[in-house]
Amino acid sequence: MAQKYQKVAYYPGCALEGSGHAYDRSTRALGKALGLDLVEVKNWNCCGAMEVKNVDPKLQTYLSSRVMSIAAKEMGFDAVMAPCNGCYHNLKKAEYDLADDQESRDVVGKLSEAAGHAAYQAGNLETIHALDWIKEAIGEDGLGERVKNSLKGLRVANYYGCMYTRPRHIFPEKDQGAGSESTSQPHFMDDLLAAAGAVNVDYPLKTACCGGAHTLSDSDISTKLVLNLLQTAEAAGAEVIATECPTCHTGLEMHQVRAEKMLGVKTTVKVLYFTQLLGLALGLKPRKVGVHENISDSIGFLKEKGLA
Amino acid sequence: MPIHEKSLIRPENLHVHEELEIDGVDVSGHWSTFIGSRVVTDYNEDLEEEIAALPGGEHIHRCWQCGSCTNSCTVYAVNEDFNPRYWIYLIRIGMEEELLRDGDIIWQCVSCNKCTYACPRDVAPEGVMKATAHWLELKGHRPKSPSILFDEVFSEQVFATGKIEEGRIVRDFFRRTSQPLVQEWLVEMVRRMVRHLPLKQLMTMGWFTILRPRTRGWGRARAAIAEHVAEEEARRRAALGLVDKATE
Ligand code: SF4
Ligand code: SF4
């Protein structure tokens, strides 16, 4: 059933143009290597992120709905893929609010009209994560067949973070039994990396919080939370933490440095996007998947492992 | 059913006699502890309604005090004073003064939504934390928290151009919170970040800070958003009984 999502609208979002550029690069490279078509949403805007939601949730709904309106109504797509957990979460949340809440529909209708574009209606578009995309379009078997440079037993802790699974009600397709993603024990990233040869360690903090919301406004809490994630991964025997969110990824890298500088606690576990790991397994060069754009330096490690 | 709240007993109201004998029974120390009575007269009977009028606070009335939110809370795990269930309790019974005692930490919620996931009553405690943080600031009980300042810097940029540029956000945020931009750990991070980057990309990153990324034709959206923001602001102030001096 690996025919879905061969061509989808692609919504990178602001972070992937900045600190998360390696995620953008590796996602596009992965799509190319796998023969999947990504068409960037035209003239997109910020999804509203957590910050606009905090200021005014209805405006976050509007901002996300504009992106979905362009993908569905202007470009004619029925699925949009967002690799960033924040974007993915917000599009899903907007979808839920627009299906569920008249007031949200009113605000979106009014603002869309004033801004001069068609208002998005719930059901026009399906929002998927990069994990859903690879899992459905290629699948574990398909991926296994294409692996040129197996991850050869690389020990990986899969870290999904908050926004991919919580709150549960905005992800109605999850927790639907066999084959679906789980909100308490997510496994899509584990499945894909295992298919590429990695060994997934038993990581109890898959959906714990990295404190990304306060990475700058309350750095001490973020550092504490991240350090716990890093140390637990090391204790679980992981060499690499695989990520699927630019905010989490940058948070882990930033606070790994901060913990070292401010608390004198050094951790050595590497942090890589799952798209980078899959790209390497498909035989792409580290540069092609943006390893040089990460803060944490993995080049030497990857060479040692025969992956670079 | 009254709920026993240890934290409502203030230390100054706890009386212990180091040495005390009553009718020949030694009740020294611990055994003689008694709690001085306390009369609370300053309830804010509108507190729950005020919180419920702010975004995120809508469902606070559903809470049945099970404590699952606090039990699952990320911040509670690092700071036991961070107690969403307790604050919801205080808000619902109108104990504003007690709530204010924790006014300096409520904004620290990291929006992980573990509470929302665990809550059996769909209260969405994460939203209640945000509503309460806004309430503290709107009512003038607390200065704007770093978190609210960050949200504002971020949102202003999105409203103005449709997109954000991270470098500008960091700079604006540090300026607004009067922090030096040059912090040792940040410098170290940037050093590690640019170590492997080719010159061309560094230059593009530099240009980004001058040529702000923006959504084309954003003007009409910007105007519509500005109008919405003004309306919403007025609505919130009215709901909290705050009448602007200018419109009085
Ligand atoms: S989990 Fe929900 S019902 Fe239980 S105390 Fe918290 S808010 Fe109230
Ligand atoms: S969202 Fe806030 S209140 Fe809820 S569990 Fe997370 S940190 Fe605690």
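Order of the sequence lines fixes the chain letters, A, B, ..., with proteins taken first and strands second; residue numbering starts at 1 for each chain.
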State, to 0.1 Å, how close A/Lys110 and B/Glu231 come at their nearest heavy-atom pair, and which atoms those are. NZ-OE1, 3.4 Å

Looking at B/Gln108 and A/Asp218, would you say the former's side chain and the latter's main chain have a donor-acceptor pair under 3.5 Å? no

Proximal to chain A - members of residues 219-230 of chain B, heavy-atom separation under 4.5 Å: B/Arg220, B/Ala221, B/Ala224, B/Ile225, B/His228, B/Val229

I'd like to know if the side chain of B/Asp151 reaches the main chain of A/Val55, judged simply by a donor and an acceptor atom lying under 3.5 Å from each other, with no hydrogens or angles considered. no

Which of the residues A/Gly212, A/Cys162, A/Ser112, A/Gly161 is involved in the greatest number of heavy-atom pairs with chain B at under 4.5 angstrom? A/Cys162

Greatest number of heavy atom pairs closer than 4.5 Å to chain A - which of B/Thr177, B/Val158, B/Thr116: B/Val158

Grab the two heavy atoms, one from B/Phe150 and one from A/Ser217, that are nearest each other, plus how far apart they are. CB-CB, 4.4 Å

Using atom types as modelled and distance alone, determine if a side-chain donor or acceptor of B/Thr215 lies under 3.5 Å from a backbone N or O of A/Trp44. yes

Hey, are the side chains of A/His214 and B/Ser147 touching, using non-hydrogen atoms and a 4.5 Å cut-off? yes

So which of B/Ser145, B/Cys115, B/Ala77, B/Cys109 has the biggest tally of heavy-atom pairs under 4.5 Å with chain A? B/Cys109

B/Phe159, B/Tyr117, B/Phe154: which one forms the most heavy-atom pairs within less than 4.5 Å of chain A? B/Tyr117

Is any residue of residues 265-273 of chain A within less than 4.5 Å of chain B by heavy atoms, and which ones? none

Counting only pairs under 3.5 Å, give me each side-chain donor-acceptor contact of residues 48-59 of chain B, with atom names and distances, residues two or more places apart or in other chains.
from    : atom 1 : to       : atom 2 : distance (Å)
B/Glu48 : OE2    : B/Arg92  : NE     : 3.1
B/Glu50 : OE1    : B/Trp135 : NE1    : 2.8
B/Glu50 : OE1    : B/Lys139 : NZ     : 3.3
B/Glu50 : OE2    : B/Lys139 : NZ     : 3.4
B/Glu58 : OE1    : B/Gly56  : N      : 2.9
B/Glu58 : OE2    : B/Gly56  : N      : 3.3
B/His59 : ND1    : B/Arg62  : NH2    : 3.4

Greater than 12 external heavy atoms within 6.0 Å of B/Glu80's CD: no

Members of residues 246-253 of chain A whose heavy atoms come closer than 4.5 Å to chain B: none

